[in-house]
Amino acid sequence: MPVRFPAQGKPKAAVLQEMRLARQRDVRWQDGRAFSLVYQAGEDVAGLLKEAYAMFFSENGLSPVAFPSLRKFEAEVVAMSADLLGGAGRTAGSMTSGGTESILTAVYAAREWARLHRPEANPPEMLLPASAHPAFDKAARYFGVRAVRVPVGDDFRADPQAMRAACTPNTVLVVGSAPSYPQGVIDPIPEIAALAQERGILCHVDACVGGFMLPFVRKLGYPVPPFDFSVPGVTSMSADLHKYGYAAKGASVVLYRGRDLRRLAYFVHTDWSGGVYASPALGGTRPGGAIAAAWAVMTYLGEAGYLNLTRTVMQTAEKIRRGVEAIPGLRILGAPAMSVMAVAGENIYAVGDELADRGWHLDRQQFPPSLHLTVHYGHAAVADDFLRDLAAAAQAARRPSLARLRDAALVRAGNALVRLLPERLVSRLMRRAGKLLGAPAGEGEGRTAAMYGMLGTLPNRGDLRELVLDMLEQMSAAE
Ligand SMILES: *Cc1c(COP(=O)(O)O)cnc(C)c1O
């Protein structure tokens, strides 16, 4: 039955009940079962966030004139963030809805900078280590910049030599991450920024996941190499408040060394019949709640509060790291700098399936295959349970099982087929695979190892793209 626009409303209690039912099969992040997507700092902080968000629930950050409150919050959030990231005083910035918007805005500013200062660069190019977030590719698509991916080193960190070699006269922006999302390692920012300085181009540091963590990690005495505006040549940064800033979702900052670059990111339209229109980033209407809640949590916790949270997170991450390494067959990739890491090993996707059976949600990664862990404050209470289940999962994944033999055979057969079959058939196969992958959690979820194994090794990435598009379409349908 197609879903139609409701003719009549429903009682409030019924609406809420339907929503409670809808979330029953959601990942149980409240019990620390999710290792991505949700960042928890405890009931206390959650309570404050909800109160602050609700207080500014109706306000709209699009107009700083109508809401001086939001203007103050945003200006102070940006100033506090700049101070934390080595840019006090000379750093300009804006709040955005998240890491993606921060990155899009920074790349847009770089594109505008290139039009002024490198008009012959057509199209302008940016160098991305293989580990850089796909938001940069999104920006490339949206803004007509050419994204050039550069392989990372054996330690999964960006390779400045390779980046140097990939530079062309059209290169206008080089990117590094602190840390990268996939393996949680910090790229050699000083070398990358020096390359930018040498060539007189821009350098963006993506500190989306690390921006509100690494400064505190360093203060606690852990080694953290330079990565922020204290490094000469770094011209812009992104840092997500809704990750380790523990703010409500919809909050990030994009920061620029100096006001000129920010001015290039601003959008101004003077000739609309609706009036003069201006905005600092991609969005129009901006939720006041997200801005207010970010200000509230920073002001409430202060450095001392963040240090306390960070201490617990680092101890938990260390415990998990040691625990993983003590499990036969499993290892951590590279040398993660904080609390983001990747677990690799034999049959790692099968380990992921076994963990899913035990109620843990971990993202699958590729090149090389691994499971992703983002450890946050809420995981302190469940780290022991997780390690116990992980050990059991690893053991179960080593045991020969019919399902796994079938999975392995499927991957082999799948890959062989994809190479041999005519394109039309492969597309049909992929459509079917899409149905398999899109199967609702609960039934389909258990056995995804074969699919992930196949996705990683598919020779034709174009087919994979079609498969993912099929999935997106399928998931957007109302049931
Ligand atoms: C999360 C993340 C992003 C994207 O941020 P969103 O808030 O999901 O849009 C970009 N870069 C890195 C390193 C990240 O961890």
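We number each residue from 1, following the sequence as shown. Atoms within a ligand are numbered from 1 in the order they appear, just like the ligands themselves. FYI, side chains are in, hydrogens and waters are out, and symmetry mates aren't considered; it's all heavy atoms of this structure.
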Participant: Polar-atom distance check: Thr100 versus ligand 1, any N or O pair below 3.5 Å?
Facilitator: yes
Participant: Any chance the rings of Phe73 and Phe56 have centres within less than 6.0 Å?
Facilitator: yes
Participant: Under 3.5 Å between any N/O of Ser180 and any N/O of ligand 1: does that happen in this structure?
Facilitator: no
Participant: For ligand 1 and Tyr181, I'd like to know whether there is a polar contact (N/O to N/O, distance under 3.5 Å).
Facilitator: no
Participant: Ignoring angles and geometry beyond distance, decide whether Lys243 reaches within less than 3.5 Å of ligand 1 through its nitrogen or oxygen atoms.
Facilitator: yes
Participant: Tell me whether Val340 reaches ligand 1 (any heavy atom closer than 4.0 angstrom to a ligand atom).
Facilitator: no
Participant: Which heavy atom of the protein is the closest neighbour of atom 6 (P) of ligand 1, given with residue, atom name and distance?
Facilitator: Gly99 N, 3.4 Å
Participant: So that I can tick it off, tell me whether Asp31 and Arg28 are bridged by a salt bridge, with the cut-off set at under 4.0 angstrom between side-chain N and carboxylate O.
Facilitator: yes
Participant: Would you call Arg164 and Glu198 a salt bridge, taking side-chain N to carboxylate O under 4.0 Å as the test?
Facilitator: yes
Participant: For His372 and Tyr181, does a side-chain donor sit closer than 3.5 Å to a side-chain acceptor?
Facilitator: yes
Participant: Is it true that Glu325 and Arg321 make a salt bridge, defined as a side-chain N closer than 4.0 Å to a carboxylate O?
Facilitator: no
Participant: Do me a favour and list the nearest non-hydrogen protein atom to atom 13 (C) of ligand 1 with residue, atom name and distance?
Facilitator: Asp206 OD2, 3.3 Å
Participant: Going by distance only, is there an N or O of Gly98 that falls short of 3.5 Å from an N or O of ligand 1?
Facilitator: no
Participant: Any Lys/Arg nitrogen of Arg157 or Asp155 sitting under 4.0 Å from an Asp/Glu carboxylate oxygen of the other?
Facilitator: yes
